[in-house]
Amino acid sequence: MDAVRVALLREVLAGTQWPGDARRFAGSLRRSVAPAGGRLLLVGTEGYEPWHMAAHLVDEAAWSGLPELAPTLVRHRVRPGEPPHLSVGLGRLAGAGRGHTVLVVAPGEPGEGLLERVHDARRAGATVLSLDGGDRDLGALAHDALSVPDGGAELDLDTVQHLVSAAAGENGLPAQRGSGGRLRDRLAGLADRLTAPPPSRW
């Protein structure tokens, strides 16, 4: 989903909680990674790998001039011969501590093994953020969480990830609603960002 579609999605969702919630959570993400200059670890569950969000955060980091948003994708399974940026296993969480941010994306149950690793990272001083389907144990571990219950929301967790990653890369305040040409002006500004190809490695 590109920046123009994100803008259109925000228009469709105007009047719901989601644009505001995504910006709030994105603000938590930016505040947590900025002081340390990055050190963002992104991890999913054994059955769900958030590679798409990783790619969007890499792009947002480049477009916005905020390199600290570019994450290290931590994977449950690493196959032989994969490139270095796709070869970071769960053992990386053992080294997480003060100055690190662990962003967990878990549409379902995260599993006891992942919860234990995230708990250890938090005890060592890492900031824990969670985009999840409402898991209570994960929510209790997180310093900030944004939950999208399966079947009970206007949209799914994948869509919320697009909103969050786009909001994390925004440098300015969101446009005020109610101005006559707000959508046209917003789309024109976002379209300027799309003239250069994204530097995604994913």
Is any side-chain heavy atom of V164 closer than 4.5 Å to one of M53?
yes

Here the side chain to side chain donor-acceptor pair (under 3.5 Å) pairs for residues 116-130, sequence neighbours left out, are S130-D132

Considering non-hydrogen atoms only, spot the tightest contact between L86 and V78 and give its length.
O-CG1, 3.9 Å

Identify the two heavy atoms, one from L129 and one from L29, that lie closest to each other, and give their separation to 0.1 Å.
CD1-CA, 3.6 Å

Taking side chain to side chain donor-acceptor pair (under 3.5 Å) as the definition, give me every residue that meets it alongside D158, ordered by chain and number, with sequence neighbours left out.
Y48, Q161

Heavy atoms of L57 and L103 approach each other most closely as CD1-CD2, 4.5 Å

Taking salt bridge (Lys or Arg N to Asp or Glu O under 4.0 Å) as the test, write out the residues that go with R136, two or more places apart.
none

Could I get the full list of side chain to side chain donor-acceptor pair (under 3.5 Å) partners for T101, not counting sequence neighbours?
S32

Correct closest heavy-atom pair for A168 and A26 would be N-CB, 3.5 Å

Side chain to side chain donor-acceptor pair (under 3.5 Å) partners of E46, counting only residues at least two apart
none

Check side chain to side chain donor-acceptor pair (under 3.5 Å) between D135 and all other residues, then give those that pass, not counting sequence neighbours.
none

NZ/NE/NH1/NH2 to OD/OE distance under 4.0 Å, R30 and E68:
no

Return the minimal non-hydrogen interatomic distance between A106 and L138, and the atom names on each side.
CB-CD2, 3.8 Å

